[in-house]
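Read the numbers this way: they start at 1 and go in the same order the structure lists the ligands and their atoms. Basis for what follows: all heavy atoms, side chains included, without hydrogens, waters or symmetry-related copies. Here, residue 1 is the first one in the sequence, and each next residue gets the next number.
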Amino acid sequence: MTLLAILQYPDPRLKTVAAPVEDVHAPGTKTMISDMLETLEKTEHCGGLAATQLDIAHPQQIFVFYDYDEADPEKRTPMVVINPKIIKTEGTVLEEEGCMSVHPNHIQAKITRPAFTTIEALDSQGLHMELTRGGYLAKLFVHEIDHLEGKVFIDHLKPLKRKMVDEKIKKVLKLKSLQEKNA
Ligand code: NI
């Protein structure tokens, strides 16, 4: 298993549109899945990761996330989602969002997302599944599917707000490069 690097905005690879998985049992796909699970497990404060935000040569339509019951958030299960499609959403929420690929400790912005999201997908065995989640996971599903379509959350911002966030990112990048120089 390999720990994968998480791409950082504005890495152009974040715009990659993932190819659908043809065969969940193909060796390349199985390796991708186990590397993604390992990366999820070893990345602190990370709820989910999409193939297109990781250092993978030919990312496929796969995301991994921690599933949990809101009644017992401590107990969480890593899940693999393949070729996901949103089949239903309900309601909307406007809440702060961040991303492991958009300078996670520095950049957050309010984004409108569904209150409930239902997706259909394949699991790691290739079996069809349908998942409906509310709260954080309802937002996570659409956030990860955006990644697989080459989008990051700040792409949803209106131009003026986006400009402000881009300015902030420039400052963060400058700060990071200074820190690297001094390290
Ligand atoms: Ni993200």
Passing candidate, side-chain contact (heavy atoms from CB on, under 4.5 Å) with E97, options Q108, K110, H143, H156: H143
Which of the protein's N, O or S atoms come within less than 2.8 Å of the Ni ion (ligand 1), not counting waters? C99 SG, H143 NE2, H147 NE2
Could you tell me whether a side-chain N or O of K168 sits under 3.5 Å from a main-chain N or O of H106, the two making a donor and an acceptor? yes
Would you check if the side chain of T92 reaches a backbone N or O of P114 as a donor-acceptor pair within less than 3.5 Å? no
Answer with yes or no whether the side chains of T29 and Q60 bring together a donor and an acceptor at under 3.5 Å. yes
Considering only distance and modelled atom types, tabulate donor-acceptor pairs under 3.5 Å from the side chains of residues 76-90, sequence neighbours left out.
unit_1	atom_1	unit_2	atom_2	d
N83	OD1	V21	N	2.8
N83	ND2	V21	O	3.0

Apply the salt bridge (Lys or Arg N to Asp or Glu O under 4.0 Å) test between D155 and each candidate in K161, K15, R162; give the one that qualifies. R162
